[in-house]
Amino acid sequence: MKAYAILDIDIHDPEEYSKYPPLVWPLIERHGGKITHRLSDFETVEGNWSPKRLLIVEFRDKAAAKAFLADPEYQPIKHIRLGASTSQMVIGNSEM
């Protein structure tokens, strides 16, 4: 069952954050993942959620997503994101 990692990212150091995508994308692909959407310029029309930037990554299943997150090669890359932004992440199974 496909799983999706959804990140809500608020970038506060764009120069530092710019190092993250070219390092993380190949690693995501090695774990069978692919970035399906990068969304921004949101308008809240209901509720009070105000994401800054959403990144949606598709994996073959939750195990693959978790393997990517636990990969030792990802840890220093993750620290670039954590140092340059504030983010939240969820992983969920597709119901379709």
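Residues: numbered from 1 along the sequence shown. All of these numbers come straight from a predicted model, not from anything done at the bench.
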All heavy atoms of D71 vs all of Q75, minimum pair found to be O-NE2, 3.0 Å
Can you tell me how far the CG atom of L39 sits from the NZ atom of K52, to the nearest 0.5 Å?
15.0 Å
Find the distance between CD1 (I28) and CD (E58) and round it off to the nearest 0.5 Å.
12.0 Å
Taking atom CG of L7 and atom CZ of R38, what is their separation to the nearest 0.5 Å?
13.0 Å
Spell out, yes or no, whether L69 and W25 are grouped together once hydrophobic residues are joined by side-chain heavy atoms under 4.5 Å, including indirect joins.
yes
With sequence neighbours excluded, tell me which residues meet side-chain hydrogen bond (donor to acceptor under 3.5 Å, both in side chains) with S50.
T44
Got a salt bridge between E29 and K34, using NZ or NE/NH1/NH2 to carboxylate O under 4.0 Å?
no
Would you list the atom pairs, donor with acceptor, under 3.5 Å between side chains in residues 81-90 and any protein atom, with sequence neighbours excluded?
residue : atom : partner : partner atom : Å
R81     : NE   : Y20     : OH           : 3.3
R81     : NH1  : S87     : OG           : 2.5
R81     : NH2  : Y74     : OH           : 3.2
S85     : OG   : R81     : O            : 2.6

Would you say V24 and Y4 are hydrophobically clustered, going by side-chain heavy atoms of ILVMFWY under 4.5 Å?
no
Could you go through I9 and Y17, starting from their C-alpha distance and side-chain angles, then the distance that decides it, and tell me whether this counts as side chain to side chain contact (heavy atoms under 4.5 Å, CB included)?
CA-CA 11 Å; I9 305 169; Y17 185 86; 3.5 Å; yes
Is there a path of hydrophobic side-chain contacts, each under 4.5 Å between heavy atoms of I, L, V, M, F, W or Y residues, that connects I91 with I6?
no
Side-chain touch M1/D61, heavy atoms, less than 4.5 angstrom:
no
Considering all heavy atoms, the nearest P21-P26 contact:
O-CD, 4.3 Å
I need the T36 OG1 to L55 CG distance, nearest 0.5 Å.
8.0 Å
Within this structure, what is the CD1-CD1 distance for the pair I56 and I35, rounded to the nearest 0.5 Å?
11.0 Å
What's the separation between atom CZ in R60 and atom NE2 in H31, rounded to the nearest 0.5 Å?
9.0 Å
